[in-house]
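What follows is a short report on a single structure.
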Protein chains: 4
Amino acid sequence: MPRSVRQYEAIRKEKRELILDTALALFAENGFHQTSMEQIARKAGISKGLTYNYFESKNAVLAEILKKGFNAIYEHFDLNKDGLLTYPEFEFFIRQSFHVICKNMNFWKLYFSIMMQPVVTETYIQNYSETSEELIKILIRFLTDNGSENPAKDLFIISSLLKGAYLILVTSPVIMDEDLFVNYIMEGFQRIINHKYNNDL
Amino acid sequence: MPRSVRQYEAIRKEKRELILDTALALFAENGFHQTSMEQIARKAGISKGLTYNYFESKNAVLAEILKKGFNAIYEHFDLNKDGLLTYPEFEFFIRQSFHVICKNMNFWKLYFSIMMQPVVTETYIQNYSETSEELIKILIRFLTDNGSENPAKDLFIISSLLKGAYLILVTSPVIMDEDLFVNYIMEGFQRIINHKYNNDL
Amino acid sequence: MPRSVRQYEAIRKEKRELILDTALALFAENGFHQTSMEQIARKAGISKGLTYNYFESKNAVLAEILKKGFNAIYEHFDLNKDGLLTYPEFEFFIRQSFHVICKNMNFWKLYFSIMMQPVVTETYIQNYSETSEELIKILIRFLTDNGSENPAKDLFIISSLLKGAYLILVTSPVIMDEDLFVNYIMEGFQRIINHKYNNDL
Amino acid sequence: MPRSVRQYEAIRKEKRELILDTALALFAENGFHQTSMEQIARKAGISKGLTYNYFESKNAVLAEILKKGFNAIYEHFDLNKDGLLTYPEFEFFIRQSFHVICKNMNFWKLYFSIMMQPVVTETYIQNYSETSEELIKILIRFLTDNGSENPAKDLFIISSLLKGAYLILVTSPVIMDEDLFVNYIMEGFQRIINHKYNNDL
DNA sequence: CATGAATGAGAGTTCATTCAT
DNA sequence: GATGAATGAACTCTCATTCAT
């Protein structure tokens, strides 16, 4: 009995995932350049050649991994995708992003390490700048709606705080309590967003 | 007649610097693994072999670069090295560290990108953990002296903020105004350090 | 359809032999250190990289060659492997060992030359000391059974004669008649083993 | 005061010896190819360049070492150089050669290891074949004078025994008692030379 | 769909030798 | 005589990628 088209598709999808997961694990543990296609294939239990049946190149594997990472974070952004961010949606996004990172720490270690590489950065910027600009617009609107007098400035500070928190979370050798961590960050956001200059500053 | 010891020393120091600077520029531009010793030598106008007269290996070149970076930042920490951090010393350190980064942005891009690589991270941690622990002690003392009720927690938040700010500074494609940036961060520190819980939180 | 497991095995075995034979020829002709992997590959008609598909390193190629040599000689020792050496077995071993060496002179030139190298000697001693001790025990027993009053002494003299003969055979620029050579050595053994002290000494 | 010609000569000779001794020690310990000119110079406490002031090349250093070795052994052969070897002279030579080897074991390890290398062998044969043939003639005469009926055969057996003994002495991991060792070998010679066929063979 | 043998360009590294000083 | 910086060719080894089967 020949397999149906649907069965073939299922097999293909499964293998793709297998390769991606294996590659991710190895990239995260040893770094991208220290990981060979041979290692990936062997650990995945398939042949070297087959990998190239599913991905054009080693870089293509990486690109796919990064893409999945980006989506994993931003699928929780503006949940109903109406282009309007409410405060609950904002908080949900923050908490979810930390949750996602904590749940798959190794991936995010890799993600950050890769994102810092000069060439990758350029590639990434080209691919995702469109989406990024969309996000920025929504956030600016969100800050304005929440009473920010200088939303660009506040966005900048918020981004700093958020990225810094991700970084700490990912590079710290000690494992931190997720809830405590997020609560701190949320408190930081509240202070920035709700801040009014008073006489004590 | 052979050159004098002093002449040899001068040559060696100059060449070492030349190699380090060239390597840094290339590492920063193309990444560590994408840069070959051949490229470094060619750009420095010397032979490949000579590089190994000055550095044991490519990794040794990197290690030296990282060491210089670490020192460049931390020479401004606790300026009089008395183990006691005053608030002015703290502020001086923060402002200086941003200044140092801004002045040599390419280096610091590399520095951060390298620091994220799994293997490097381990090497680095082993080499610098001692110094780091010293720093942490001093900072804990500093926070306690400034009225912190939970200095470990506050240290954690401060570190997040600082590292995040460095990250943003270094990865942002737009060039930012240094003073504005530092002022913001300093304000963040003040809020964290001087913060008292009031009824509005 | 991929090749069958059997096909792959056949290919691997054939290529392995090809590489070993080629390497041996070159090592023997030019010496181990004067032979590069590139030369081996070129002479074998394959790519440099492929060599490393079959052997972990140049040293691994050498180790395999030495191992084969050791076995080639000692498979004729104590033919029925009962731990007891009869005189016919002894003579058979001597004659066979010379035969083996004469038949593949180049290999044995290399073998001896390699065995003298300081580093190799250590490696070899560690790998084969166990087997050697077994051999010594059997030979001591053999000499005792043949009336030796001081088997350690006689073993030493015999070993000297044998090793020296191998050495001469291998290093001599003139080609000697194998049978004549062996007969001489066998006579030497007889003189040593059957010697009875008489009044003329 | 400028140094006199004689002083310069003394310095040159001393330096030459220093380089030779140092090179020998390193060659013997690590092998010829594993020893660099840099190592030799550093261990000798001189500069790399100076080595080339005394020797044309690394190979020239080796050649000189080998030459000294050859002479060290054969200066004891046919002590009065009258072309006639008496039995006492023969015994003296054998005992002296073992003594020389035992006194400077490392050198002789190297010597044998080097002598086996294909290229070296050729060079050596060309340089010393003349001397060797002279030696052979004297030994044949010696054996004939001592009642040998087939001096070529006996020479061959004796040479085998001697070379084998040297080989064992040099490659054996255990240190042997020199006198015992020589006595064994001398006894072997006596057994071979004085052998008379009796009815038990 | 699947295999792994095979390639070839290029990496890091070593080192005998040269040469300006 | 003496130095060691400098060279450049050669080395061992790696690995992304191809392709016959």
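None of the values given here were measured: they were computed from a predicted structure. The sequence lines fix the lettering, A, B, ..., with proteins before strands; numbering per chain opens at 1.
Under 4.0 angstrom from either OP1 or OP2 of E/dT14 there lies no side-chain N or O belonging to B/Tyr52. Here A/Asn53 does not reach the OP1 or OP2 of E/dA2: none of its side-chain N or O atoms lies under 4.0 Å away. Distances shorter than 4.0 Å separate some side-chain N or O of A/Arg12 from OP1 or OP2 on E/dC1. For C/Tyr54 and E/dA5, the shortest distance from a side-chain N or O to OP1 or OP2 is not below 4.0 Å.
Side-chain atoms of C/Leu20 and C/Phe55, non-hydrogen and from C-beta on, do get closer than 4.5 Å to each other.
Among the atoms of the strands shown, only primed sugar atoms or phosphate atoms (P, OP1, OP2) are found under 4.0 Å from some heavy atom of A/Ser57. Within 4.0 Å (heavy atoms only), C/Phe55 reaches no atom of the nucleic acid at all.
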Please write out each protein N/O paired with an N/O of nucleotides 9-11 of chain E under 3.5 Å, distance rounded to 0.1 Å.
| from | atom 1 | to | atom 2 | distance (Å) |
| --- | --- | --- | --- | --- |
| E/dG10 | O6 | C/Lys48 | NZ | 2.6 |

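At a cut-off of 3.5 angstrom, the base of E/dT3 holds at least one donor-acceptor pair with the side chain of C/Tyr8.
With F/dA5, E/dG4, E/dA5 as the candidates, the nucleotide lying closest to the side chain of C/Leu50 is E/dA5.
In this entry E/dT21 has F/dA2 as its Watson-Crick or G-U wobble partner, both defining distances falling under 3.5 Å. Judged by Watson-Crick or G-U wobble contacts below 3.5 Å, the nucleotide F/dA9 has E/dT14 as its partner.
Map C/Asn59 and A/Glu56 each onto its nearest nucleotide of DNA chain F; the residue landing nearer the 5' end is C/Asn59. For the pair A/Gly45 and C/Ile46, both in contact range of DNA chain E, the more 5′-proximal nearest nucleotide belongs to A/Gly45.
No donor-acceptor pair under 3.5 Å is formed between the side chain of D/Lys43 and the backbone N or O of D/Ala25. With B/Lys58 contributing its side chain and B/Thr35 its backbone, the two residues share a donor-acceptor pair below 3.5 Å. Under the 3.5 Å distance criterion, the side-chain polar atoms of D/Glu17 are left unmatched by any main-chain donor or acceptor of D/Glu14. Between the side chain of C/Thr51 and the backbone N or O of C/Ala41 there is no donor-acceptor pair closer than 3.5 Å.
Between the CZ atom of D/Arg42 and the P atom of F/dA2 there is a distance of 19 Å, given to the nearest Å. When rounded to the nearest whole Å, the span between CD of C/Glu9 and C1' of E/dG4 equals 13 Å. In this structure, B/Gln7 atom CD and F/dA2 atom C1' are separated by 14 Å, rounded to whole Å. Separating the CZ atom of C/Arg3 from the P atom of F/dT21 is a distance of 6 Å, rounded to the nearest angstrom. Taking atom CD1 on B/Ile19 and atom P on E/dG12, their separation rounds to 14 Å, with Å as the unit.
Relative to the six-membered ring of C/Tyr8, C/Lys13 misses at least one condition, a distance below 6.0 Å or an angle of at most 45° to the axis. With a 6.0 Å cutoff to the six-membered ring centre and a 45° limit on the axis angle, A/Lys68 does not count as a cation-pi contact of A/Tyr111.
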